[in-house]
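As structure tokens, the structure follows; a few thoughts come after it.
First listed ligand is number 1; within each ligand, the first listed atom is number 1.
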Amino acid sequence: MNALVEAITDMREEDAVRTATEMLDKGTSPLEVLDSCREAMGIIGQRFEAGDCFVPELILAGEMLRQISDVVKPKLTQMADVKKIGRVVIGTVEGDIHDIGKDIVTFMLDVNGFDVKDLGVDVPAAKFVETVKEFKPQVVGLSGFLTLAYDPMKNTVQALKDAGLRDKVKVMIGGGQIDEQIRQYTGADAYGKDAMAAVSLAKSWVK
Ligand code: B12
């Protein structure tokens with residue numbers, strides 16, 4: 001376990017942010033820093049599941065990750081290329097308020113040349129439909145971290161179909177519990193395991 005994973009999982013907020021900043025200053029790749037955050041969040045998630053920590057710890061972990069994202073983002077901007085190449089509508093589906101992963105995806109799409117409309121969290125299917133009509137994206141991204149997000153994802157894909165928009169957009173889904181099986185269940189076109197995967201998928205669809 002590296003020092004950053006240790007600081008996050010020990011809930012040492014200041015140490016965690018300082019360690020992440022020091023890693024970046026020493027030249028560690030921003031993606032590697034995000035990987036450590038993901039590892040730490042996985043450990044905290046397991047503790048939560050086992051009843052060894054509670055919602056306040058999840059909130060603190062979320063807050064630490066937000067602060068670390070803020071120091072990582074400027075470094076990611078330096079890595080990316082910037083021509084505008086397509087439009088993406090993204091949001092966390094209805095009933096789910098997790099947005100840290102979605103915000104990283106949004107940011108990575110943005111710095112990789114996509115015009116991104118981020119609808120926020122707890123987004124009803126109808127809101128996605130309305131925005132697809134107005135914004136005319138090539139790609140729709142649905143984020144969700146709860147098991148309870150599977151049905152809203154499926155309903156959103158169905159709502160796009162009902163509105164006659166399904167063949168006009170590619171739908172990608174992602175978030176903590178999402179995998180290929182859930183992709184099949186929801187009828188989305190692809191599942192992306194992280195922000196880099198989201199960028200690769202979107203790029204492959206706008207070509
Ligand atoms: C932080 C956190 C919270 C914070 C969220 C803060 C915020 N602003 O987002 C708070 C405290 C609010 C919270 C609340 C709850 N949480 Co919570 N939370 C977490 C935790 C610890 C980390 C999630 C996170 O941000 N990870 C960090 C990011 C960076 O994750 P990532 O997966 O690497 O992100 C990448 C990919 O997912 C992908 N991606 C993400 N979105 C998309 C979209 C697309 C299109 C693509 C292609 C890719 C993609 O790209 C991201 C970047 O690379 C997880 C545990 C875990 N291991 O995930 C539990 C977890 C998700 N929470 C859980 C639960 C149960 C809850 C609560 C119900 C708790 C409660 N009793 O109140 C509530 C639900 C509230 C709601 N209605 O949504 C459970 C879900 C279990 C389940 N099977 O449904 C988990 C798994 C914990 C656990 N193991 O039990 N939570």
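Within the listing of ligand 1, atoms 38 (C), 50 (O), 53 (O) sit less than 4.0 angstrom from a heavy atom of Asp194. Close approach of ligand 1 to Leu65 (heavy-atom distance below 4.0 Å) involves ligand atoms 27 (C), 29 (C). Within ligand 1, the atoms closer than 4.0 Å to a non-hydrogen atom of Arg66 are 8 (N), numbered from 1 in the order shown. Proximity to Glu49 (heavy-atom distance under 4.0 Å) selects the following atoms of ligand 1: 89 (N), 90 (O). The distance from ligand 1 to the heavy atoms of Gly42 drops below 4.0 Å at these ligand atoms: 57 (N). Residue Ile59 has at least one heavy-atom neighbour below 4.0 Å for each of these atoms of ligand 1: 11 (C). Residue-ligand proximity, Gln177 to ligand 1, at heavy-atom distances under 4.0 Å covers atoms 83 (N), 86 (C). Less than 4.0 angstrom separates some heavy atom of Gly176 from each of these atoms of ligand 1: 37 (O).
Distance alone, capped at 3.5 Å, is enough to place a donor-acceptor pair between the Glu57 side chain and the Phe54 backbone. Without hydrogens or angle criteria, Asp179 side chain to Gln181 main chain gives a donor-acceptor distance under 3.5 Å. Within the 3.5 Å criterion, the main-chain N or O of His98 finds a donor-acceptor partner in the side chain of Thr92. Looking only at distances, a side-chain donor or acceptor of Arg87 sits under 3.5 Å from a matching main-chain atom of Phe135. A donor-acceptor pair under 3.5 Å links the side-chain atoms of Thr131 to the main chain of Lys127, judged by distance alone. For Asp96 (side chain) and Phe145 (main-chain N/O), a donor-acceptor pair under 3.5 Å exists by modelled atom type.
Within the set Gly175, Ala188, Gly101, the minimum heavy-atom distance to atom 37 (O) of ligand 1 is found for Gly175. With Val199, Val140, Ile100 as candidates, the residue nearest to atom 6 (C) of ligand 1 on a non-hydrogen basis is Ile100. Taking only non-hydrogen atoms, the option from Val139, Ile43, Ile97, Asp96 nearest to atom 75 (C) of ligand 1 is Ile97.
Within the structure, ligand 1 has Lys193 among the residues with a heavy atom less than 4.0 angstrom away.
Scanning the protein for heavy atoms near atom 22 (C) of ligand 1, the closest one is Met41 SD, 3.9 Å. Atom 33 (O) of ligand 1 has as its closest protein heavy atom Arg38 CZ, 3.3 Å. Nearest non-hydrogen protein atom to atom 42 (C) of ligand 1 is Gly174 C, 3.5 Å. Of the protein's non-hydrogen atoms, the one nearest atom 7 (C) of ligand 1 is Asp99 OD1, 3.3 Å. What sits closest to atom 29 (C) of ligand 1 on the protein, heavy atoms only, is Ile104 CD1, 3.7 Å. Nearest protein heavy-atom contact of atom 77 (N) of ligand 1 is Gly95 O, 3.0 Å. Residue, atom and distance of the protein heavy atom nearest to atom 82 (C) of ligand 1 are Thr147 OG1, 3.2 Å. For atom 72 (O) of ligand 1, the closest non-hydrogen atom of the protein is Val55 CG2, 3.9 Å.
With a 4.5 Å cut-off between side-chain heavy atoms of Ile, Leu, Val, Met, Phe, Trp and Tyr, the cluster of Val121 takes in Ile97.
Around atom NZ of Lys117, no more than 12 heavy atoms belonging to other residues, nucleotides or ligands sit under 6.0 Å away.
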_Check against salt bridge (charged side-chain N to carboxylate O under 4.0 Å, His left out), Asp110 and Lys73_ = CA-CA 11 Å; Asp110 184 356; Lys73 279 177 183 175; over 6 Å; no
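Neither the backbone nor the side chain of Leu34 comes within contact range of ligand 1; no heavy atom lies under 4.0 Å. Using a 4.0 Å cut-off between heavy atoms, Ile173 contacts ligand 1 through its backbone alone, with no side-chain atom that close. For Met172, heavy-atom contacts with ligand 1 shorter than 4.0 Å involve the backbone as well as the side chain. Counting heavy atoms under 4.0 Å from ligand 1, residue Met108 does not touch it at all.
At a threshold of 4.0 Å, the pair Arg183-Glu180 counts as salt-bridged, since one of the basic side-chain nitrogens sits closer than that to a carboxylate oxygen. The pair Lys161-Asp167 does not count as a salt bridge, with every side-chain nitrogen at least 4.0 angstrom from each carboxylate oxygen. No salt bridge links Arg18 with Asp25; every basic N to acidic carboxylate O contact stays at or beyond 4.0 Å.
Of the N and O atoms on the side chains of Asn2 and Glu6, not one donor lies less than 3.5 Å from an acceptor on the other residue.
When only interatomic distances are considered, the shortest N/O to N/O separation between Ser143 and ligand 1 falls below 3.5 Å. The shortest N/O to N/O separation between Ala195 and ligand 1 falls below 3.5 Å.
From Leu60, atom CG reaches atom CD1 of Ile44 across 8.0 Å, with rounding to the nearest 0.5 Å. A distance of 11.5 Å separates CG of Asp122 from CG of Asp99, quoted to the nearest 0.5 Å. Ile104 contributes atom CD1, which lies 8.5 Å from atom CZ of Arg38 (distance to the nearest 0.5 angstrom).
With a 4.5 Å cut-off on side-chain heavy atoms, Ile85 and Lys203 count as touching. Looking at Ile8 and Ile68, their side chains come closer than 4.5 Å, going by heavy atoms from C-beta outward.
Counting protein heavy atoms under 4.0 angstrom from atom 27 (C) of ligand 1 gives one or more.
The number of protein N, O or S atoms lying under 2.8 Å from atom 17 (Co) of ligand 1 is 1.
For the pair Lys154 and Tyr185, the distance from NZ or CZ to the six-membered ring centre is under 6.0 Å and the angle to the ring normal is within 45 degrees.
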